[in-house]
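To keep things clear, I will list the structure first and then write my remarks on it.
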Number of protein chains: 2
Amino acid sequence: MYTISETAAKLGMSAHTLRYYEKEGIISPQRNEAGVREFDEQHILWLQFVKKMRETQMPVTQIKEYTKLFQEGEHTAGDRLKLLEEHQQYIKSQIETLKATDDMLTKKVAAYKEAMKGVLN
Amino acid sequence: MYTISETAAKLGMSAHTLRYYEKEGIISPQRNEAGVREFDEQHILWLQFVKKMRETQMPVTQIKEYTKLFQEGEHTAGDRLKLLEEHQQYIKSQIETLKATDDMLTKKVAAYKEAMKGVLN
DNA sequence: ATTTGACTTAGAGTTCTCTCTAAGGTCTAC
DNA sequence: GTAGACCTTAGAGAGAACTCTAAGTCAAAT
């Protein structure tokens, strides 16, 4: 069992963010007698998944939607699958965009270096 | 010469956004006698570059900084190069993040499909 | 001549995702 | 038993990047 700040540290996010996610229904940790949140390994795994989705620009609303479907049970598997596949499509196209810009920048950087030759040496 | 809405259409962004970029000093179109903005091919090229930077998550503040350096003249080439190289580094690491999540999703999607076999057929 | 539709401005409003504040409760160590 | 470091809440604040509004000007078309 981990407190909110241990969990936050483990995940590299802030306790504030975890409370925010809870308010949004993305995570639902148990509480002890004193009302203090208790996160377990399952929560950590789920949050690692959430983090990956956020790092790849999935909006919080979509993560909420996915979470809600999850809680509704097995019959929502098809909808969840659709969400995941759509996000994967987004990721693939974002990779292409990044690669194209990477190539463009490589050329631009080379041009800069060429132009600066006299200055640098 | 293009009006703001022609330019916006050409670039796939809104006229609002172009005015916002102008306010931020990222673009400085000429004005005609009536005060109407006039964009030329150079502006289009510059905006295409700006768009690529935005699509790859370069913050508007950094684009402003790059623009400012540009206007200050040739002696800022080194600083501009540094900005571009840093952004390229960001792009490369973002590509890695996306690839890793893509792989993770591929597995997850496969697991979903496996679990849903009976339901689908 | 008036309508249509484009343009202008300054500034307000929106959305997203946190991030922080204030006021207070609880646990552990000394 | 009190200091310090945790935790709690509701709700406000922040920053980024637009996005829109209101009030008005202007030129071309009918």
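Everything numeric here is computed off the predicted structure, so don't read it as measured data. Letters A, B, ... are given to chains in the order of the sequence lines, protein chains preceding strands, and every chain is numbered from 1.
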Grab the [atom1]-[atom2] distance between [X] and [N] for me, whole Å please.
X: A:K64; N: C:dC18; atom1: NZ; atom2: P; answer: 12 Å
X: A:Q57; N: D:dA17; atom1: CD; atom2: P; answer: 13 Å
X: A:M53; N: C:dT17; atom1: CE; atom2: P; answer: 14 Å
X: B:K51; N: D:dA17; atom1: NZ; atom2: P; answer: 17 Å
X: B:I4; N: C:dT9; atom1: CD1; atom2: C1'; answer: 12 Å

Task: Short side-chain N/O contact from A:S5 to OP1 or OP2 of D:dC7, under 4.0 Å - done: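 Checking D:dC7 against A:S5, a side-chain N or O does come within under 4.0 Å of OP1 or OP2.
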Open item on the list: Check the phosphate of C:dA6 against B:T3, side-chain N and O only, distance under 4.0 Å to OP1 or OP2. Yes or no?
Closed with: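 So the side chain of B:T3 is outside the cut-off, no N or O lying under 4.0 Å from OP1 or OP2 of C:dA6.
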Open item on the list: Donor-acceptor pair, distance only, cut-off 3.5 Å: does the side chain of B:E96 make one with the backbone of B:I91?
Closed with: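 No.
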TODO: Give, ordered by number, those residues of residues 11-24 of chain A having at least one heavy-atom distance below 4.0 Å to an atom of DNA chain C; if nothing qualifies, reply none.
DONE: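 Listed by number, they are A:H16, A:T17, A:Y20, A:Y21.
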TODO: Can you sort out which residues in residues 29-45 of chain B have a heavy atom within less than 4.0 Å of DNA chain C? Ascending by number, please.
DONE: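 Within residues 29-45 of chain B, the residues near DNA chain C are B:R31, B:G35, B:V36, B:R37.
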Open item on the list: With a 4.5 Å cut-off on side-chain heavy atoms, are B:W46 and B:I27 touching?
Closed with: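 B:I27 vs B:W46: side chains touch.
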- [ ] Could you please spell out the steps behind the salt bridge (Lys or Arg N to Asp or Glu O under 4.0 Å) verdict for B:K108 and B:E114?
- [x] CA-CA 10 Å; B:K108 217 175 167 76; B:E114 181 61 28; over 6 Å; no
Task: No-hydrogen, no-angle side-chain donor-acceptor test under 3.5 Å, A:H87 and A:T56 - done: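 Indeed, the side chains of A:H87 and A:T56 share at least one donor-acceptor pair under 3.5 Å.
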Task: Test item: side-chain donor near acceptor, A:Y112 and B:R80, under 3.5 Å - done: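 B:R80 and A:Y112 do have a side-chain donor-acceptor pair below 3.5 Å.
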Task: Basic-acidic side-chain contact under 4.0 Å: A:R31, A:E22 - done: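 Salt bridge flag = yes for A:E22 with A:R31.
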Task: Residues A:E85, B:K113: salt bridge by 4.0 Å N-O rule - done: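 So A:E85 pairs with B:K113 through a salt bridge.
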Open item on the list: So, using side-chain hydrogen bond (donor to acceptor under 3.5 Å, both in side chains) as the criterion, who are the partners of B:E86 when residues are at least two apart?
Closed with: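 B:E86 satisfies side-chain hydrogen bond (donor to acceptor under 3.5 Å, both in side chains) with no residue once adjacent residues are dropped.
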Task: Nearest-nucleotide pick for A:R54, side chain only, options being C:dT17, D:dA17, C:dC7 - done: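 Within the option list, the nearest is C:dT17.
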TODO: Would you check, one step at a time, whether the test side-chain contact (heavy atoms from CB on, under 4.5 Å) holds for A:F39 with A:M1?
DONE: CA-CA 5 Å; A:F39 295 82; A:M1 291 304 194; over 6 Å; no
